Each structure stands twice: as C-alpha cells, then as structure tokens.
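Heads up: the structure comes next, in structure tokens.
Predicted, not measured: the structure shown is a model, and the values here were computed from it. All chains are named by letter (A, B, ...) in the order of the sequence lines, taking the proteins before the strands, and each is independently numbered beginning at 1.
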Protein chains: 2
Amino acid sequence: MTHNRLDYVALMHERGFRVTPQRQLILDAIGEGGGHTTFEEVFGRVQRKSSAVNRATVYRTLDFLVELRLVVAADVGGGRLVYEIAGETPHHHLVCLNCRTVRQISHEAVAQLFTQIEQEQKFHVETNHLALFGYCEDCLPKMTFHNHAHELEHAHAHAL
Amino acid sequence: MTHNRLDYVALMHERGFRVTPQRQLILDAIGEGGGHTTFEEVFGRVQRKSSAVNRATVYRTLDFLVELRLVVAADVGGGRLVYEIAGETPHHHLVCLNCRTVRQISHEAVAQLFTQIEQEQKFHVETNHLALFGYCEDCLPKMTFHNHAHELEHAHAHAL
DNA sequence: CTACATGCAAAGAGTTTGCATCCGC
DNA sequence: GCGGATGCAAACTCTTTGCATGTAG
C-alpha cells in the first residue's frame with residue numbers, strides 16, 4: 001500500500017491536524033479489510049482493540065480520512081459505503097445482489113467499456129469505484145427460477 | 001410498457017391480492033417517473049392526487065409491487081433505490097457522482113462486457129440494473145481540479 | 001496552554017412494525 | 001362477512017450534531 005505510517009503522520013501534521021490514537025486505530029482497521037470494509041466492520045475492529053472509542057468518532061474520522069484522501073469511500077450499493085485505503089491499483093467490484101459479497105476485479109477487464117462509454121456517451125466513468133451488480137457463482141443457481149417469478153407465494157407469506 | 005391496467009389487475013387477482021386505489025395510484029406514480037423514480041417522488045405524486053395516502057402504505061406497496069415483479073427496484077447508489085415499471089427493454093444507468101443525475105444507456109453498449117465477465121469471472125451481471133458511477137458532461141469540468149489534488153497526494157493517476 | 005479531537009447524549013433522517021380499523025371481493 | 005390492506009403512531013436503525021471535557025503539539 002502506498003501509505004505507511006510516516007506518510008499519514010506527515011500529511012496530517014502538514015495540514016495542521018492531529019495524529020490521535022483513534023485515528024491510527026481506525027486507519028489500521030480499514031487496512032485490515034482487504035480492500036473494502038463497512039462502517040460496522042471498522043467500528044468492530046476498533047472496539048476490540050480499544051472499547052472506549054465512540055461510534056461518532058469513527059463516523060467523523062472516516063469522513064476526515066476520506067477528505068484527506070487517505071481513504072476512498074466506494075458506493076457498492078446496499079445503501080452502505082465501503083471504505084478502502086487509497087492508492088491501490090484501480091479495481092472494481094462485483095456485488096452479489098443475493099448474498100451481498102463483494103469481489104474485486106481488475107481494471108483491465110472493464111477498461112474497454114469505459115473508453116467506449118466515454119466516447120459514445122460523453123460520460124466519464126470513475127475508474128476506481130465501478131460496481132457491477134449481479135449474482136455470484138454460489139447464488140446464481142438459487143436465483144435462476146427467480147426470473148420466472150414463481151416463488152412469490154412463498155416470499156409473500158411472511159412479507160405481508 | 002408491458003403492463004397495462006388489465007395486466008396488473010389480473011395478476012393481483014390471480015394471486016389473491018386486492019386491487020386498491022392506493023396501489024393503482026402508486027403504480028401510476030412510478031410510471032410517471034420516465035424510467036426511474038425515488039420513493040420521495042412517488043410519495044409526492046401520490047399525495048398530490050390523494051393526500052390521505054400514508055407513507056407506510058407507499059413503502060409497503062413498493063415492496064409489494066417489486067415482489068409481484070410489476071416494478072423493478074434498482075440500486076443506483078446514493079443509498080436510495082429507484083423504482084421503474086418492469087418489462088421495459090434492458091437498459092443501464094450512468095450515475096453522476098456529483099449531481100446525482102441518472103441517465104439511461106442501452107443494453108447494447110455494455111452487452112459485450114457482461115458476456116466477458118460472465119465467462120472470466122463466473123459472475124452473472126444482472127442485466128437490468130447495471131449502475132456505472134462517474135461524472136457527467138456538465139460536472140466533469142468542475143471535478144478535474146478535484147481529481148488533480150487527489151492524484152498529487154497519492155500517485156493515483158489513471159487517465160482514461 | 002490553546003485549539004483541535006473525542007465522548008456522550010440527544011436529535012434527525014429514513015424505514016419498519018403492531019395493531020385497530022377499513023374495505024375489496 | 002372474511003381476510004387482506006391501510007392509517008397511525010411508535011419503534012428502530014443509521015448517522016449527525018451540540019457541548020463539555022480531554023489531549024496533541
């Protein structure tokens with residue numbers, strides 16, 4: 001990763017911000033996420049190491065780190081952001097609509113589409129945060145009959 | 001659109017559900033969205049016609065219509081779903097990360113990428129709900145400065 | 001020592017739920 | 001009339017904010 005301890009300490013000092021234990025814990029917790037981490041995961045990891053850290057601090061610190069561009073917040077759907085240490089090679093997300101697991105794919109796999117859309121649609125696709133929704137290998141079998149809209153009775157029995 | 005009045009009335013009756021004025025109003029309100037409509041837009045339109053309709057009813061009815069597959073809920077980021085009348089030709093969404101406007105693009109434009117990912121990643125991309133995040137023609141100029149700052153700090157450059 | 005950062009609790013936004021009433025069929 | 005649908009209000013979840021206290025530099 002491009003940001004080691006010296007990097008962020010220097011960056012924060014340069015800008016007149018303080019390097020607090022909470023900020024370091026939270027940065028570490030994001031790094032443990034292997035690419036993408038939800039708020040709850042970060043909060044959980046931080047609490048395990050120091051249970052005194054407050055939710056509000058984690059919210060504020062995540063915003064702060066994103067603003068400093070040490071961290072990137074990616075919208076992969078599900079109404080929740082995922083956080084990643086910035087500066088990694090561009091990659092994208094395959095999000096399973098069923099089990100919500102998020103897998104990464106390389107930039108090369110989609111680069112061509114980006115170029116094409118850029119030209120044809122005059123729309124600049126953000127290269128770091130593409131989210132493709134669909135069904136993963138495990139969930140696809142379960143979902144195939146879904147397309148035929150047959151299991152509704154079952155679903156609806158508890159829904160309404 | 002594939003679902004006219006007869007369609008959905010028949011469908012609901014078939015399944016033992018009732019056709020209420022609220023459900024018809026809400027279905028109409030989604031149809032007025034020209035492709036994608038947020039909850040608040042639906043609620044607003046419904047209230048203008050019948051101010052007695054409750055928020056909870058709109059929430060419940062949207063879920064109900066999605067479950068009946070008369071309506072499709074698409075996650076285009078921003079933490080909020082957009083609703084569309086089902087059965088339209090497959091299309092996708094270009095979502096501007098700055099102004100949040102959502103534009104549609106045809107399926108053809110991205111079909112090849114889907115096939116490729118399907119084969120290489122063993123992941124089935126949901127053909128109706130692809131959301132591509134980026135910046136639209138209007139917002140891109142405003143964001144270039146922003147991106148530049150980003151790149152300076154993090155050697156993050158990856159031009160398109 | 002002086003701001004900036006944190007903890008705490010309360011307030012907000014958005015959504016869901018329990019229950020009595022209503023009304024489609 | 002029966003059972004599903006609605007309205008209402010309360011409960012819930014997630015996030016933000018005001019303010020007093022703590023602490024990095």
Side-chain angles (χ1 to χ4, degrees), chain A residues 5-6 8-27 29 37-44 46-47 49-68 70 73 75-83 100 152-160, chain B residues 5-6 8-27 29 37-44 46-47 49-68 70-71 73 75-83 100:
Chain A
R5 193 182 127 67
L6 278 181
Y8 74 77
V9 169
L11 180 61
M12 290 183 192
H13 284 169
E14 254 170 48
R15 310 255 175 132
F17 300 119
R18 296 177 184 169
V19 178
T20 66
Q22 287 91 334
R23 284 175 177 174
Q24 303 191 50
L25 278 170
I26 291 166
L27 210 36
T37 314
T38 64
F39 168 85
E40 286 303 328
E41 289 167 350
V42 171
F43 183 62
V46 168
Q47 282 240 314
K49 294 187 181 168
S50 171
S51 54
V53 178
N54 195 270
R55 288 187 99 81
T57 300
V58 178
Y59 278 114
R60 282 189 283 226
T61 302
L62 286 172
D63 287 349
F64 166 76
L65 294 172
V66 168
E67 194 124 3
L68 268 188
L70 288 169
D75 190 335
V76 295
R80 218 125 287 161
L81 296 172
V82 298
Y83 298 90
R100 276 288 159 201
L152 181 60
E153 303 81 354
H154 164 260
H156 206 258
H158 353 73
L160 281 180
Chain B
R5 195 183 127 66
L6 278 181
Y8 75 75
V9 169
L11 180 60
M12 290 184 192
H13 283 170
E14 253 171 48
R15 310 262 174 130
F17 300 120
R18 295 179 184 168
V19 179
T20 66
Q22 288 91 333
R23 284 176 177 174
Q24 304 190 52
L25 279 170
I26 291 166
L27 211 34
T37 315
T38 63
F39 168 85
E40 286 302 329
E41 289 168 350
V42 171
F43 183 61
V46 168
Q47 283 239 315
K49 292 186 181 167
S50 171
S51 55
V53 178
N54 195 272
R55 289 186 98 80
T57 300
V58 178
Y59 278 114
R60 283 188 284 227
T61 302
L62 286 172
D63 287 349
F64 167 76
L65 293 173
V66 168
E67 226 151 324
L68 268 188
L70 287 169
V71 166
D75 189 335
V76 294
R80 220 125 285 161
L81 296 173
V82 297
Y83 299 90
R100 277 288 159 202

What N/O pairs connect the protein and nucleotides 17-23 of chain C at under 3.5 Å? Give each pair on its own line.
unit_1: C:dG18; atom_1: O6; unit_2: B:Arg60; atom_2: NH1; d: 3.3

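Atom C1' of nucleotide C:dA13 and atom CZ of B:Arg55 are separated by 10 Å, given to the nearest angstrom. Between A:Phe64 atom CZ and D:dT17 atom C1' the separation is 19 Å, expressed in whole Å. In this structure, the CE atom of A:Met12 is 17 Å from the C1' atom of C:dA3, given to the nearest Å. The CZ-P distance, from A:Arg23 to C:dG7, rounds to 11 Å in whole Å. To the nearest angstrom, C1' of C:dC4 lies 15 Å from CD of A:Glu67. In this structure, CG of A:Leu81 is placed 15 Å from C1' of D:dT16, rounded to the nearest angstrom. Taking atom CD of residue B:Gln24 and atom P of nucleotide D:dT6, one finds them 11 Å apart after rounding to whole Å. With rounding to whole Å, B:Arg15 atom CZ is found 16 Å from C:dC25 atom P.
Under the side chain to side chain donor-acceptor pair (under 3.5 Å) criterion, A:Gln47 pairs with no residue, sequence neighbours left out.
Inter-residue side-chain proximity for B:Leu65 and B:Met12 is flagged as met; some heavy-atom pair is nearer than 4.5 Å. Side-chain atoms of A:Leu68 and A:Phe17, non-hydrogen and from C-beta on, do get closer than 4.5 Å to each other. Between B:Gln22 and B:Leu25 the shortest side-chain heavy-atom distance does not fall below 4.5 Å.
Closest to the side chain of B:Phe39, from the set D:dG25, D:dT6, C:dT15, is C:dT15.
Neither OP1 nor OP2 of D:dT23 sits under 4.0 Å from any side-chain N or O of A:Gln22. A close approach under 4.0 Å does occur between a side-chain nitrogen or oxygen of B:Thr57 and OP1 or OP2 of D:dG7.
Remark on the helix from C:dC1-D:dG25 to C:dC25-D:dG1: inter-end axis angle 30°, axes from five-pair C1' superpositions, rounded to 10°.
Place B:His13 and B:Gly79 on DNA chain C by their nearest nucleotides, and B:Gly79 ends up nearer the 5' end. The residue among B:Asp63 and B:Pro21 whose nearest nucleotide of DNA chain C lies closer to the 5′ end is B:Asp63. Along DNA chain D, the nucleotide closest to A:Tyr59 and the one closest to B:Thr61 are compared, and the more 5′ of them pairs with B:Thr61.
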Audit row: A:Arg55, A:Glu40, side-chain contact (heavy atoms from CB on, under 4.5 Å) steps and yes/no: CA-CA 9 Å; A:Arg55 288 187 99 81; A:Glu40 286 303 328; 2.4 Å; yes
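The only option from B:Leu27, B:Val82, B:Thr61, B:Thr37 that meets the side-chain contact (heavy atoms from CB on, under 4.5 Å) definition with B:Val42 turns out to be B:Thr37.
Across all non-hydrogen atoms, the minimal contact from B:Leu81 to B:Ala73 is CD1-CB, 4.2 Å. Shortest non-hydrogen contact noted between A:Gly78 and B:Asp75 is N-OD2, 2.6 Å.
Geometrically, B:Arg80 does not engage B:Phe39 in a cation-pi contact, judged by NZ or CZ lying under 6.0 Å from the ring centre and within 45° of the ring axis.
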